[in-house]
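First up is the structure itself, then whatever we jot down about it.
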Amino acid sequence: MRRSVGPRPASAASFPFLSALAAAAVLLTACGTQHAGAGSSGAGAGASASQGVTRIDDPGKDGVRITSLTLPSPSPSPTRSYVVSPQRLPTHADSGISAAYEVTNKGAQALTYSVVFTFTDADGGAVTNRTETVRDVAPGKTVRGTVRAGELPPPAPRVAGVKVLEVTKVPAGEAPAAPGACPASGIRVSADRGDAAMGLRVVGLHLDNCGTRSYSVEGYPLLELLDDDLEPVDGIEILHGSGRITTGAGPDEQPRPVTLRPGESATAALVWRNTTEAGTPVNVPYVRVRAKKGAEPVTVTPYLDLGTTGKLGVRPWKKA
C-alpha cells in the first residue's frame, strides 16, 4: 500500500538512517579521499617517509653495477568504496621508482656506454626496460647515475627489483651523436633498430647533414666488423648489394652520387640472414661505419647474428 506524504516534513528522528546517510555525504564532500595520518609508520634510515631505499650488492656486468633501488611506500588499503566522477580520475604519473648505478671503465681508452636496465616483479619477470647512455667515461674512472622506471600504467605488476640486461660500449670519439646534437663534422651517422622476418635481417643506416654546408657521397658505406672487445672480425664477406643474400629486400639499386644540402638525409642498409648450418655461428655486436673514404668513423651496435652464412650485404646510399 502506498503511503501518502502530508505537507508536514518528517523529522530526522523519524528516519534515523537518512541522518546517517546525510552525515556521510557531508563528510565525503568535505574530505574527498582519506589519507594516512601522521601516525603512519615511515621508511627506515636513509629513506624518506614516502620512499624506501634498498642497498644492492651487485657484482656488476661489463663494468656496470646497480647500487640501490628506490621504491615508493605502498599506499594504505582503502576501507571504503567511493563513486568517483570521471572528471576527477587521476592521470598516470611517474612511478617514483628508480635505481642508482655505477659505470667503471676498466679499459685503456675513453668509452661511451649504452645500458639497458630491466625493472622486475617479485618473480623476476620484466616489468619495463629503460636505456641509459653514459658518455665519455675515461679509463679507470667511475661515473654514477640514476635510471628511473617512469610511468607504469596499470595493470603493470609491482616492481620489486632491477637488473642490468645489456651493456654495449664504443670508443667515445666514435659514439653516435646524442639526439639533437651535431658533430663538428656536420654529419650524423646512426643505425635504426632494424626489421627481422623469417630469418632475414635488415638494419637501416642513416646519414644526416646537420651542418651548414652541402655533403656528397657516392656508393656504399665503408664497414668494419668488430667483436665484443672492439677487435676486427675475420671471415665475413661484405657484399655490395643484397641480391646474394635475398630477393626479399627488393632489387639492388646502382650507386649514384648523392648530395645532401643542410637538413637533408640519406639512407643505406645492412642485410643478412641468420641461417645456421654446419660450423660455428658468428655474432658481430659492433660495426664501424664511415660514410665515405676519409670520413670520421662512427661505431653502431646493430648486433649482426650472421649464423654460419659468412655474408653481409650492404646497400648503397640514396637520398631519403
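For the numbers below, each heavy atom of this structure counts, side chains included, while hydrogens, waters and symmetry mates do not.
The closest side-chain heavy-atom distance from Pro153 to Glu151 is below 4.5 Å. For the pair Val189 and His206, the minimum side-chain heavy-atom distance is 4.5 Å or more. Contact check for Val162 versus Thr120: no side-chain heavy atoms found under the 4.5 Å cut-off. Under the 4.5 Å side-chain criterion, counting only non-hydrogen atoms from C-beta, Leu312 is in contact with Leu225. Using a 4.5 Å cut-off on side-chain heavy atoms (C-beta onward), Asn283 and Leu306 make no contact. For the pair Trp272/Thr246, no side-chain contact is recorded, criterion being any heavy-atom separation below 4.5 Å from C-beta on.
Of all non-hydrogen atoms in Pro281 and Thr308, the two that sit nearest each other are N-CG2, 3.9 Å. When every heavy atom of Asp121 is checked against every heavy atom of Val127, the shortest pair comes out as N-CG2, 3.6 Å. Considering every non-hydrogen atom in both Leu111 and Leu230, the closest pair reads CD2-CD1, 4.4 Å. When all heavy atoms are compared, the tightest approach of Tyr113 to Thr104 is OH-O, 3.6 Å. The heavy-atom pair separating Pro139 from Gly107 by the smallest distance is CB-O, 3.4 Å. Here the closest non-hydrogen pair linking Val164 and Lys61 is O-CD, 3.9 Å.
Using modelled atom types, one side-chain atom of Thr67 and one backbone atom of Ala100 make a donor-acceptor pair closer than 3.5 Å. When atom types are taken as modelled, the side chain of Asn209 and the backbone of Gly263 share no donor-acceptor pair closer than 3.5 angstrom. Here the side chain of Lys319 pairs no donor or acceptor atom with the backbone of Ser265 at under 3.5 angstrom. Side-chain atoms of Tyr286 come within 3.5 Å of backbone N or O of Lys169 as a donor-acceptor pair.
Cluster membership for Val298 and Leu226, using ILVMFWY side-chain heavy atoms within less than 4.5 angstrom, is not shared. The hydrophobic clustering, which links ILVMFWY residues whose side-chain heavy atoms are closer than 4.5 Å, places Tyr303 and Val203 apart. Residue Leu205 is grouped with residue Val217 when hydrophobic side chains (ILVMFWY) are merged at heavy-atom distances under 4.5 angstrom, including chains of intermediate members. Residue Val167 is grouped with residue Val143 when hydrophobic side chains (ILVMFWY) are merged at heavy-atom distances under 4.5 angstrom, including chains of intermediate members. Leu223 is connected to Leu304 through a chain of hydrophobic side-chain contacts under 4.5 Å among Ile, Leu, Val, Met, Phe, Trp and Tyr, so both are in one cluster.
Using a cut-off of 4.0 Å between Lys/Arg side-chain N and Asp/Glu carboxylate O, Arg65 and Asp58 are scored as not salt-bridged. Between Arg256 and Glu218, no side-chain nitrogen of the basic residue sits less than 4.0 Å from a carboxylate oxygen of the acidic one, so the salt-bridge criterion is not met. Remark: Arg244 engages Glu237 in a salt bridge, criterion side-chain N to carboxylate O under 4.0 Å. Ionic pairing of Arg290 and Glu296 is not present here: no N-O contact between side-chain nitrogen and carboxylate oxygen is shorter than 4.0 angstrom.
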**Report entry** Evaluation steps, side-chain contact (heavy atoms from CB on, under 4.5 Å), between Leu260 and Leu207
**Finding:** CA-CA 9 Å; Leu260 302 177; Leu207 176 64; 4.1 Å; yes
Using the rule given for side-chain contact (heavy atoms from CB on, under 4.5 Å), can you reason through Ser242 versus Asp252, listing the C-alpha separation, both sets of side-chain angles and the distance that settles it, and then say yes or no?
CA-CA 6 Å; Ser242 58; Asp252 282 338; 3.2 Å; yes
Begin with the C-alpha distance, continue with both residues' side-chain angles, and end with the deciding distance and a verdict on salt bridge (Lys or Arg N to Asp or Glu O under 4.0 Å) for Asp94 and Arg148.
-> CA-CA 9 Å; Asp94 189 282; Arg148 301 186 182 281; 5.6 Å; no
(Q) Please evaluate residues Arg188 and Ser190 with respect to the criterion side chain to side chain donor-acceptor pair (under 3.5 Å), reporting the C-alpha separation (whole Å), side-chain torsions for both, the decisive distance (0.1 Å), and the verdict. (A) CA-CA 7 Å; Arg188 186 168 50 230; Ser190 61; over 6 Å; no
Exercise for the section: Check the pair Leu152, Ile97 against side-chain contact (heavy atoms from CB on, under 4.5 Å), reporting the backbone distance first and the verdict last. Expected result: CA-CA 10 Å; Leu152 299 175; Ile97 299 168; 3.9 Å; yes
request  = Quick one: do Glu174 and Arg288 satisfy side-chain contact (heavy atoms from CB on, under 4.5 Å)? Show the steps, please.
outcome  = CA-CA 8 Å; Glu174 298 179 11; Arg288 180 174 285 137; 2.8 Å; yes
*Start with the C-alpha gap between Thr259 and Ser216, add the side-chain angles, then the distance that decides, and say whether side chain to side chain donor-acceptor pair (under 3.5 Å) holds.*
CA-CA 4 Å; Thr259 298; Ser216 297; 3.0 Å; yes
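For the atom pair CZ (Arg135) and OG (Ser114), the distance works out to 9.0 Å, reported to the nearest 0.5 Å. A distance of 6.0 Å separates CG in Asn274 from OG1 in Thr276, rounded to the nearest 0.5 Å. The OG atom of Ser98 sits 7.5 Å away from the CG atom of Leu69 when rounded to the nearest 0.5 Å. Asp136 CG to Lys141 NZ: the interatomic distance, rounded to the nearest 0.5 Å, is 14.0 Å. Note: Asp208 CG to Cys182 SG = 9.0 Å, rounded to the nearest 0.5 Å. In this structure, Trp317 CH2 and Glu253 CD are separated by 13.5 Å, a value rounded to the nearest 0.5 Å.
Among pairs with a residue in residues 272-320, none fulfils disulfide (SG to SG under 2.5 Å), at least two apart in sequence or across chains.
Taking the six-membered ring where tryptophan is involved, the planes of Tyr220 and His240 are essentially parallel, since the angle between them stays under 30° and well short of 60°.
Surrounding NZ of Lys318 are at most 12 heavy atoms belonging to other residues, nucleotides or ligands under 6.0 Å away.
A cation-pi arrangement is present between Lys292 and Tyr215, with the terminal nitrogen or guanidinium carbon under 6.0 Å from the aromatic centre and inside a 45° cone about the axis.
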